[in-house]
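To keep things clear, I will list the structure first and then write my remarks on it.
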Amino acid sequence: MDVEALEREALAAIAEARSADELEEVRVRTLGRKSPLKLALREVRDRKSGMALNAIRERVEQGLAARQAELAQPTEDPTFDPTLPGDEIPRGSYHLITRQRRRIEDVFVGMGYEIFDGREVDTVENNFDALNTAEEHPSRDPRDTFYLDDNTVLRTHTSPSQIRAMRAMEPPVYVASLGRVYRRDTLDATHTPIFHQVEALAVDRHVTLADLRGTMRAFAEAIFGGTREIRMRTSFFPFTEPSVEFDMTCFLCDGAGCAVCKHSGWIEMGGAGEVDPNVLAGVGYDPDEWQGFAWGLGIDRIAFARHGLPDLRLFWENDIRFLSQF
Ligand code: DAH
């Protein structure tokens, strides 16, 4: 028997083994009980050829052990060290305003409302005229409102979505519209020239202020939890009659008075009212048949209050240390 050829073939097979399983096959084939080497060893009669065969066996065993150690490395990449901690892949998260906005949308959808998208760039007609806003109303002043041209503004509130929704749908209408609004405010801790509102509009037969109050309360409890009382104060908006501003009992102290509610027990929510008959008639609804309520409130302020934030500018600075907390 050509024992040298046996050794060469065994070592070549070992080198070619690509996995522990393949290597095990080679081991059985070259050193197993029925391998030519073992059979030859069993038949050995003289010391010299016995020693030669044993030397081959040893070299093959060494070869197997060395290849086994090599295959045990997870990769042949010499720069890969499996004992080092891995790189952490940073995970993104939604901006706090986006999260708040989606929660609000969920609450409205849960109450049977449709989410309606308005336009950030809208007509003066939709933003003011159709909302019954007098020619001399101060909100039309270019020192307060961003005009793109004489007939076009960056919307100053989400209320023009009411007009768009009513023009697009037949009553009854139950819609909520959320998004950015723009005002020429000087940036400080409590004012940003861009902020977010949520507009609610319900038009149906016999819709009263009691419906408005009940819906607000359900909304406030869904967003802030617990049992919330709603307080309405008389106010004025051109597009509602009567108009109110509404507050809810503080979500932190339940009305007892604390720092969040400035010790009043109440948190201001926004403006609301019964949709003015002029607005209904303007979009072609018969005000004798249909009534509605509407409200608008600031999303930023809700997030601000819920998280006890010190400064609205945090929403815009994109500081990852702030953003990654939500
Ligand atoms: N648009 C008003 C604002 O930005 C808020 C508002 C008040 C919305 C009364 C309404 C409403 O829908 O009925 O200050």
Side-chain angles (χ1 to χ4, degrees), residues 101 104 108 111 113-120 122-134 137-141 144-146 153-167 173-185 190-204 207-217 219-220 230-248 267-280 282-283 285 287 290-302 312:
R101 179 175 169 168
I104 293 172
F108 275 108
M111 294 194 298
Y113 283 61
E114 221 176 288
I115 304 302
F116 182 87
D117 280 328
R119 299 279 169 84
E120 291 181 33
D122 214 332
T123 57
V124 169
E125 150 83 17
N126 285 342
N127 195 81
F128 293 122
D129 303 335
L131 288 165
N132 204 35
T133 309
H137 194 279
S139 64
R140 292 182 184 254
D141 194 313
D144 290 330
T145 297
F146 292 104
V153 292
L154 293 180
R155 67 176 175 192
T156 59
H157 49 180
T158 43
S159 300
S161 298
Q162 292 185 32
I163 304 300
R164 287 184 171 274
M166 287 190 285
R167 289 214 170 113
V173 169
Y174 289 86
V175 293
S177 189
L178 298 85
R180 290 181 172 200
V181 303
Y182 301 81
R183 288 184 200 172
R184 281 190 187 274
D185 272 329
T190 54
H191 298 87
T192 53
I194 310 176
F195 55 102
H196 303 77
Q197 285 187 333
V198 47
E199 193 83 13
L201 172 70
V203 180
D204 209 331
V207 174
T208 69
L209 276 185
D211 298 311
L212 168 64
R213 187 189 196 116
T215 308
M216 274 175 185
R217 184 168 174 171
F219 173 79
I230 298 294
R231 173 173 85 175
M232 301 200 283
R233 293 173 279 118
T234 52
S235 184
F236 174 79
F237 298 100
F239 33 92
T240 42
E241 182 57 40
S243 301
V244 299
E245 273 172 83
F246 64 104
D247 309 329
M248 74 171 189
I267 293 195
E268 287 181 23
M269 294 291 282
E274 289 274 297
V275 180
D276 195 291
N278 285 344
V279 173
L280 294 172
V283 297
Y285 289 7
W290 303 102
Q291 299 83 47
F293 69 70
W295 87 64
L297 59 89
I299 299 175
D300 311 60
R301 282 177 191 284
I302 293 182
L312 277 175

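On a predicted model such as this, the values are computed, not experimentally measured, just so you know. Ligands are counted one by one from 1 in listed order, and the atoms in each one are counted from 1 as well.
- Of the listed residues (Gln197, His196, Glu120), just one forms a side chain to side chain contact (heavy atoms under 4.5 Å, CB included) with Val181, and that residue is Gln197.
- For the pair Thr156 and ligand 1, the shortest N or O to N or O distance does not fall below 3.5 Å.
- Protein heavy atom nearest atom 7 (C) of ligand 1, with residue, atom name and distance: Gly271 C, 3.4 Å.
- With ring centers used as reference points, Tyr174 lies 6.0 Å or more from Phe108.
- Within the 4.0 Å heavy-atom criterion, the part of Phe239 lying near ligand 1 is the side chain and not the backbone.
- Residues meeting the salt bridge (Lys or Arg N to Asp or Glu O under 4.0 Å) test with Arg183, sequence neighbours left out: none.
- Atoms of ligand 1 lying under 4.0 Å from any heavy atom of Ser159, numbered from 1 in the order shown and given with element: 1 (N), 8 (C).
- By heavy-atom distance, the residue among Pro160, Gly298, Ala272, Gly292 lying nearest atom 9 (C) of ligand 1 is Ala272.
- Taking every non-hydrogen atom of Gln197 and a distance limit under 4.0 Å, the qualifying atoms of ligand 1 come out as 3 (C), 4 (O).
- The shortest N or O to N or O distance between Thr240 and ligand 1 is not below 3.5 Å.
- Counted within 6.0 Å of CZ on Arg119, heavy atoms from surrounding residues, nucleotides or ligands total 12 or fewer; the atom is thus considered open.
- Between Phe128 and His157, the ring-plane angle classifies as tilted under the 30° and 60° cut-offs.
- Every residue meeting the salt bridge (Lys or Arg N to Asp or Glu O under 4.0 Å) condition with Asp129, not counting sequence neighbours, appears here in chain and number order: Arg140.
- The side chain to side chain donor-acceptor pair (under 3.5 Å) test with Thr156 is passed by exactly one of Asp122, Asn127, Thr133, Thr145: Asn127.
- Contacts between Trp295 and ligand 1, counted as non-hydrogen atom pairs separated by less than 4.0 Å, involve the backbone only.
- What sits closest to atom 3 (C) of ligand 1 on the protein, heavy atoms only, is Arg183 NH2, 3.7 Å.
- Applying the 4.0 Å criterion to heavy atoms of Gln162 picks out, from ligand 1, the atoms 12 (O).
- Atom CD of Glu114 has 12 or fewer heavy atoms from other residues, nucleotides or ligands within 6.0 Å.
- Per-residue contacts place Gly273 under 4.0 angstrom from the following atoms of ligand 1 (heavy atoms of the residue considered): 13 (O).
- Annotation: atom 12 (O) of ligand 1 to nearest protein heavy atom, Glu199 OE2, 2.6 Å.
- Side-chain contact annotation: Gln162 with Glu199, donor-acceptor N/O pair under 3.5 Å present.
- Annotation: Ala294 places an N or O atom under 3.5 Å from an N or O atom of ligand 1; distance criterion only.
- Distances below 4.0 Å separate heavy atoms of Phe237 from the following atoms of ligand 1: 7 (C), 9 (C).
- Counting atoms of ligand 1 from 1 in the listed order, those under 4.0 Å from a heavy atom of Gly296 are 6 (C), 8 (C), 10 (C), 12 (O).
- In this structure, Leu178 CG and Ile299 CD1 are separated by 4.5 Å, a value rounded to the nearest 0.5 Å.
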